[in-house]
Amino acid sequence: MDIYLSGLYSGTNPQPGIGIARSIRQAYPTARIIGVEYSNRCSGIHWDDLDHIWLQRPWEELALDLYADQIKERLDNGAFWISSVDLEIMWLASVFPEGHERLLTPRMSSLQKIAKPEVTGFRELPLQVPPFIDTEKPDWDLHRFCRQHGWKVWLKGPYYEAVRTYGWDSFQNVRAILSNAWSTDRLFLQSHIGGYEESICFAAYEGEIVGSVYMRKRELTEEGKTWAGSVTEVPQEFAAGLRKAVADLRWTGGAELEMVRDTSGQAWLLECNPRFPAWIHGGTISGHNLPALLIEKASGRPSLRPAINGNEFTRVVLEIPVKHDFPLPFLPEPFPGATGHSMKHPAGTLALAKRLQELSVIEGNANDNSDDKKGEPVIVPASFIEDLQSYDFNNIETPSFVFMESTAASVFQRAGRMAKELTTKEVKVINAYSIKTNPDEKLIKLALGAGFLAEAISLLEVQKALQAGYRTDQVILNGPGKWWPNGLLPAKPIRAVFADSIPDLEYTIGLIERNQLRSEIVGVRLRSPGSRFGISLETPEHLATLVETLKALPAECKFGIHFHMASSNIGVKQWWHLYEGMLRWARSVENLTQRRVYCLDIGGGWFPDDWHSESPDRFGRAIQTAKKFLPHVQEIVSEPGKAMAQPANAVAMRVLEFENGENEIKEVVVDGSIAELPMNFFQPHRILHFSTRTGDWTPLARGNTRLLGRLCMEHDIVASNVELPPALSKGDIFVFCDAGAYDRSMSYVFGRG
């Protein structure tokens, strides 16, 4: 009996071929096992259970039609074929759409129902699929998804490959790499699920399960791959649903359902691999030889039953002799950062992905409605267009910041109304505008008119607030360098001051004792996890030092506590979790110092959509929570500066030049740059195109064009992957919205002479 096995790569992220060969050899000692590979650099070709190696050209060079005929000839002559390579399985399904009795891989109709991320074929099981989003959606939507899930997200390829992304810059870099590697933009983001990793592995023939096991990971590699695990029977909760799903799929071959079980006990389905897993021989060690059971069912020839060696397995590294027919090749020319040949896909598997794209073999294997979503334009508020229409963009000087007057006024007014609505007899709720976010006097005056306090991090900012019309008793002083520069501290009382460190607290108390500072509220900033600002409470000694220092605070000063962490950096859910955690710390400080917390100042770093989408009920519950932990609190200050300022400005850039390619424009040079858009690497911007010929405004969708800035710097790319309007002209305007916060305040002069 001839059995062909592919997928012999045995590096740090191994393929299953060698494990399958070991299992089949135990069950069928006299079978002829032929290893199939596409590179002589795969060390698995030297494994001694392989009687013969059928070495092919790399995938980018292989004559696929001829190769398909050769495989069919072998199958027709009685050989069996087990593939361990996802893309090869997909290609085989295109060659044999209805399968072959000796081709032990799933047919195309089966593969279409297990496509990531939804994996519709296993909805019968008590599994949930983690939230996900197609990366062909506008960047604005992708950024929102990441924030909603606390930047605990995975960017996944269409077939395999998953990379954890922790921020917008890393996401953009990884997206470019994966899109290029897989020759497709059909990637997706999926939320991270914390918990224990588990798998169901099964073998089936024509929809009938012939064997299955349940594996719990016990040791992982740096890439998250199984190094050790325990194997048991499939739990009863999955058994019936698994049988029905496999029958409905008419599945043939091996498969693995990868899952995570969270702390509540809920199991989440990450993906279904259409093949045996790399740890498959661990199941054989535990008495469940699934590859042999698959061969037995397909061939009708009984297999030897495996010995049971417990229900746990682990891996070791082995040195084996090289087969004389396949001497080791020399290392390629070394290059910086090289680690030898041990790439994840030494056989050119990525090249196969590109060829399958060109042949339309994979069409329909990704989400069927992806084409419908391609080119979906970003949605911008109507007020953006209304504000922009008040400018003469045919004559405007570019690049320039554009003030969105009605948009800015509306967000400040809404925030002011919300504060009044949330205020009760017990607690006054008030907003404070963080001047550093954008010190534009127009915004400071809007904040004053909407009932905001002014929050300053330097005495220069205090003076800026006073010049805009604020009184000293409407100013909050905060930050590590708040006393800079000398000589500008107001003589009149200010509203509040918060110390950023123990030395800062001692200095503040000294100013009060010397009658050089008068402040209604004196407080401390507590350090949030992961922040460098505020007073640390990580150890009992830190807490004791704070308590001891606060004993010197004059009794007539009202006591306040402040904390700040940008929700746009850690995610909305995580921010609310942090909020309650900081309230617990504040209660501990209150109890130990016997100083009632009169004021709670909350800095949020809110992304506009998150802050404005939160209902008053959510903020109302937050106030109730604050009263629960701090029953004496009488004033709660919210600092939504970023949420107010970001929509208040846009940046207008003019098209300088572009070159028409054969199919589409690949690059456009504009007169703007990252000097005017420094936050481009940390957040997306909604982009509008203004036609100087027609006067039409068009939101841009995702596409294949890069907008290059004017600076002679490699990284001056103001937008990647945008879809241009049909009739772009030199001199047209691109307006980058959402640039009114740190884009505006941190912009710099460069390349202007």
Side-chain angles (χ1 to χ4, degrees), residues 1-10 14-37 42-55 71 73-85 100-105 201-206 208-213 215 229 231 252-256 275-326:
M1 181 166 58
D2 286 350
I3 302 170
Y4 286 78
L5 300 177
S6 65
L8 307 180
Y9 178 63
S10 300
Q15 293 173 325
I18 297 304
I20 298 172
R22 296 174 68 192
S23 297
I24 290 177
R25 178 60 70 212
Q26 285 190 15
Y28 294 98
T30 62
R32 196 166 78 109
I33 303 176
I34 301 100
V36 181
E37 252 310 329
C42 285
S43 59
I45 64 176
H46 303 287
W47 188 251
D48 61 2
D49 283 321
L50 301 175
D51 299 294
H52 183 67
I53 298 297
W54 193 24
L55 188 64
I71 293 173
E73 179 182 4
R74 282 158 174 76
L75 294 174
D76 290 343
N77 289 335
F80 293 92
W81 187 291
I82 299 178
S83 175
S84 301
V85 184
H100 188 291
E101 62 181 349
R102 284 179 289 278
L103 177 61
L104 305 183
T105 59
C201 180
F202 64 86
Y205 190 76
E206 290 296 328
E208 179 184 348
I209 292 180
V210 296
S212 60
V213 294
M215 191 275 291
V231 178
T252 290
E256 179 193 25
R275 51 168 170 74
F276 290 119
W279 54 265
I280 187 62
H281 192 66
T284 301
I285 290 171
S286 305
H288 304 271
N289 192 336
L290 302 189
L293 293 174
L294 178 60
I295 293 291
E296 182 177 88
K297 181 66 175 180
S299 68
R301 303 183 187 185
S303 61
L304 298 178
R305 292 298 181 252
I308 300 175
N309 298 289
N311 68 335
E312 294 183 326
F313 67 89
T314 190
R315 285 178 177 161
V316 297
V317 177
L318 294 174
E319 289 74 32
I320 61 175
V322 169
K323 292 181 177 178
H324 298 299
D325 292 344
F326 300 98

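Just so it is clear, the structure is predicted and the values come from calculations on it, not from any experiment.
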Got a sec, which pairs hit salt bridge (charged side-chain N to carboxylate O under 4.0 Å, His left out) with one end in [range], sequence neighbours left out?
range            : value
residues 281-302 : Glu208-Lys297, Glu296-Arg305
residues 14-23   : none
residues 307-317 : none
residues 74-83   : Lys72-Asp76

Problem - Minimal non-hydrogen separation, Gly17 against Leu5, with atom names - result: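 Distance-wise, the nearest heavy atoms are O-CD1, 3.9 Å.
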
Handout entry: Where Pro16 and Ile280 come nearest, the two heavy atoms and their spacing
Key =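 Closest pair (atom of Pro16, atom of Ile280, distance): O-CG2, 4.3 Å.
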
Distance (rounded to the nearest 0.5 Å) between [X] [atom1] and [Y] [atom2]:
X      : Y      : atom1 : atom2 : answer
Ile71  : Ser6   : CD1   : OG    : 8.5 Å
Ile18  : Ser43  : CD1   : OG    : 7.5 Å
Glu37  : Leu55  : CD    : CG    : 7.5 Å
Asp2   : Asn77  : CG    : CG    : 9.5 Å
Leu104 : Leu294 : CG    : CG    : 4.5 Å
Asn309 : Ile285 : CG    : CD1   : 7.0 Å

Okay, side chain of [X], backbone of [Y]: is any donor-acceptor separation there less than 3.5 Å?
X      : Y      : result
Thr252 : Glu206 : yes
Arg102 : Leu75  : yes
Tyr205 : Glu101 : yes
Lys323 : Asp48  : no
His46  : Pro321 : no

Problem - Heavy-atom side-chain contact between Trp47 and Ser10 under 4.5 Å - result: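 No, side chains not in contact.
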
Problem - Ile20 and Ile3, any side-chain heavy atoms less than 4.5 Å apart - result: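 No, every pair of side-chain atoms sits at 4.5 Å or beyond.
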
Side chain to side chain donor-acceptor pair (under 3.5 Å) with [X]: which residues, sequence neighbours excluded?
X      : answer
Asn311 : none
Ser84  : none
Thr105 : none

Problem - Contacts of type salt bridge (charged side-chain N to carboxylate O under 4.0 Å, His left out), residue Asp325, not counting sequence neighbours - result: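 Applying salt bridge (charged side-chain N to carboxylate O under 4.0 Å, His left out) to Asp325 gives none.
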
Handout entry: Test salt bridge (charged side-chain N to carboxylate O under 4.0 Å, His left out) applied to Arg25 - qualifying residues, sequence neighbours left out
Key =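 Partners of Arg25 under the salt bridge (charged side-chain N to carboxylate O under 4.0 Å, His left out) test: Asp49, Asp51.
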
Handout entry: Partners passing side-chain contact (heavy atoms from CB on, under 4.5 Å) against Thr284 (at least two apart in sequence or in another chain)
Key =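 Thr284 satisfies side-chain contact (heavy atoms from CB on, under 4.5 Å) with Ser23, Gln26, His281, Asn289, Pro306 only.
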
Handout entry: Sequence-distant partners of Leu304, side-chain contact (heavy atoms from CB on, under 4.5 Å), two or more places apart
Key =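 Pro29.
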
Practice task
With sequence neighbours excluded, tell me which residues meet ring-ring contact (aromatic ring centres under 6.0 Å, His included) with Tyr4.
Solution key: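 Tyr4 satisfies ring-ring contact (aromatic ring centres under 6.0 Å, His included) with Trp54, Trp81 only.
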
